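Everything on this sheet refers to the single structure shown next.
Because the structure is predicted, anything quoted here is derived from the model rather than measured.
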Protein chains: 2
Amino acid sequence: MKHLPHKTIERLSQYRRALLICLNNGQMHIYSHEIAKIQHITAVQVRRDLMLIGYTGTLRKGYNVKELIELIGQIIDSLDGINVAIIGMGNLGRALINYFAGKRSHLKIVASFDINPDKIGNKMSGIPCFSIDEMEKVIREKNIKVGIMTVPEDFASQTADKLVHAGIKGILNYTPKPVYVPNEVYLEEYDMITSLEKVAFYVKMQETE
Amino acid sequence: MKHLPHKTIERLSQYRRALLICLNNGQMHIYSHEIAKIQHITAVQVRRDLMLIGYTGTLRKGYNVKELIELIGQIIDSLDGINVAIIGMGNLGRALINYFAGKRSHLKIVASFDINPDKIGNKMSGIPCFSIDEMEKVIREKNIKVGIMTVPEDFASQTADKLVHAGIKGILNYTPKPVYVPNEVYLEEYDMITSLEKVAFYVKMQETE
DNA sequence: TTCACAATGTGAAAATAATAACAAAAAAAA
DNA sequence: TTTTTTTTGTTATTATTTTCACATTGTGAA
């Protein structure tokens, strides 16, 4: 496989989650248009994505749920899992830990960090919380590859710097403040305010139409 | 203005936030490449976006920060603000309320909803919390146009249904479960797990390269 | 068996988004 | 004054992503 579009990667992750639910419900096969409906996209798009990863369904029966889950895993997961840390145990950090708690996955949250002494040393949903000062040490020791930044925005830059310095490979920044990282670190930024303003914009549009 | 690309809308929101910070620092003008640097995009893209909204900078001086903030507001904001509700006062709901607390904006969070009796009747950062049962009533009374869903995923569908029934115009779904709404309701879904898996994928890619 | 149907798979076209290239002009430097 | 530099604005080009259109084929019904 030469190169998968960014959007396809995102959708594969979503397909898999939908498929896991289907599998849980005992569904063995699924049609492209069923997947499409769940994700609010078109069936062609689903088929094309699957074409790109080289998966072939059965005519008239659709796709084998189990096989497809398996294959998507082969494509997007790392062979031996990736360790993740959450930096900032505020509300957002805790929300994320809860999201993941229990869900076994190739992505393992293995540490969290905060500056609040009350939190340091405790566990949240089984994840130990360390001091930010120990970040570099812990990241190296636990072989943490990805950091999720949920710190207050004033600490965004310095947190990113520390992560980079500790040798992190990818950062997911939930801070509203954009950060700078060297090219070899993959950075994904997501800003809730932007999403909300976007919704508001289209609501406005629909009204003034 | 006939039609702005989706991506441009998102970026405009981001430009504005960057510009507000600049304004706060006393900066009166800004170059396209400065904006670009903040947002990790190219200067051409910034100029093109601004071209699309019909804003013209000053050669050699760049863009007038104040004017541009003003104009972006005219484009993306509703004339008299939009009222927003957060449904689900878990960690994520609280995180969002804190994000917005203090920031005066045309988007006003005016209510939150939960099923936990301990939360109902209290205020969080000044926002009153109501029972889910009162949702329809409160949404109509307070003229709430946009709902942010931060409920546990098992409640996603029913919450969306209630919102639609209450006449909501836009939904931002932070639940990992996709929901269905009629066409006239604008729906934006965001899934943190997908984002994380995407980061993990590109980290993996960079390693196996 | 033959026909109609309901799926998949995919080349081609269209739509959307990003980048390159460069003219124009104001300011600064020579 | 003339030249150089810097920055905007915009057209043209390229890249990416989505959709269309349709060939193909297994299945069930007639």
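Taking atom CZ on B/Arg60 and atom C1' on D/dT6, their separation rounds to 4 Å, with Å as the unit. The interatomic distance linking B/Leu59 (CG) with C/dA26 (C1') rounds to 5 Å, in whole Å. Distance CE (A/Met51) to P (D/dC20): 17 Å, rounded to an integer number of Å. We find that CD1 of B/Ile30 is positioned 10 Å from P of D/dT8, with the value rounded to whole Å. For A/His33 and C/dA6, the NE2 to P distance is 10 Å, given to the nearest whole Å. In this structure, the CG atom of B/Leu50 is 9 Å from the P atom of D/dT8, given to the nearest Å. Going from atom OH of A/Tyr55 over to atom P of C/dG9 covers 9 Å, rounded to whole Å. The CG-P distance, from A/Asn64 to C/dT8, rounds to 13 Å in whole Å.
Of the two residues near DNA chain D, B/Lys61 and A/Lys61, the one whose nearest nucleotide lies more 5' is B/Lys61.
Between C/dG9 and A/Tyr31, no contact under 4.0 Å exists linking OP1 or OP2 to a side-chain N or O. Using a 4.0 Å cut-off, some side-chain N or O of A/Arg47 falls inside it from OP1 or OP2 of C/dT8.
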Check: protein-nucleotides 15-19 of chain D nitrogen or oxygen pairs below 3.5 Å:
{"residue": "D/dT18", "atom": "OP1", "partner": "A/Arg11", "partner atom": "NH1", "Å": "3.2"}
{"residue": "D/dT18", "atom": "OP2", "partner": "A/Arg11", "partner atom": "NH1", "Å": "2.9"}
{"residue": "D/dT18", "atom": "OP2", "partner": "A/Arg11", "partner atom": "NH2", "Å": "2.9"}
{"residue": "D/dT18", "atom": "OP2", "partner": "A/Gln45", "partner atom": "NE2", "Å": "3.1"}
{"residue": "D/dT18", "atom": "O5'", "partner": "A/Gln45", "partner atom": "NE2", "Å": "2.9"}
{"residue": "D/dT19", "atom": "OP2", "partner": "A/Thr42", "partner atom": "OG1", "Å": "3.4"}
{"residue": "D/dT19", "atom": "O4", "partner": "A/Arg48", "partner atom": "NE", "Å": "3.0"}

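The distance from atom OG of B/Ser13 to atom CD1 of B/Ile72, rounded to the nearest 0.5 Å, is 8.5 Å. For the atom pair CD (A/Gln14) and CG (A/Leu19), the distance works out to 11.5 Å, reported to the nearest 0.5 Å. Interatomic distance, B/Ile168 CD1 to B/Glu184 CD, rounded to the nearest 0.5 Å: 13.0 Å.
Partner assigned to C/dA30 is D/dT1, using Watson-Crick or G-U wobble distances below 3.5 angstrom.
In this structure, the side chains of B/Tyr174 and B/Ile148 come closer than 4.5 Å at one or more pairs of heavy atoms.
Formation of a donor-acceptor pair under 3.5 Å by the A/Lys145 side chain with backbone atoms of B/Ala200 is not found in this model.
Other residues, nucleotides and ligands place no more than 12 heavy atoms under 6.0 Å from the NZ atom of B/Lys37.
Side-chain atoms of B/Asn173 and B/Tyr190 form no donor-acceptor pair, as typed in the model, at a separation below 3.5 Å.
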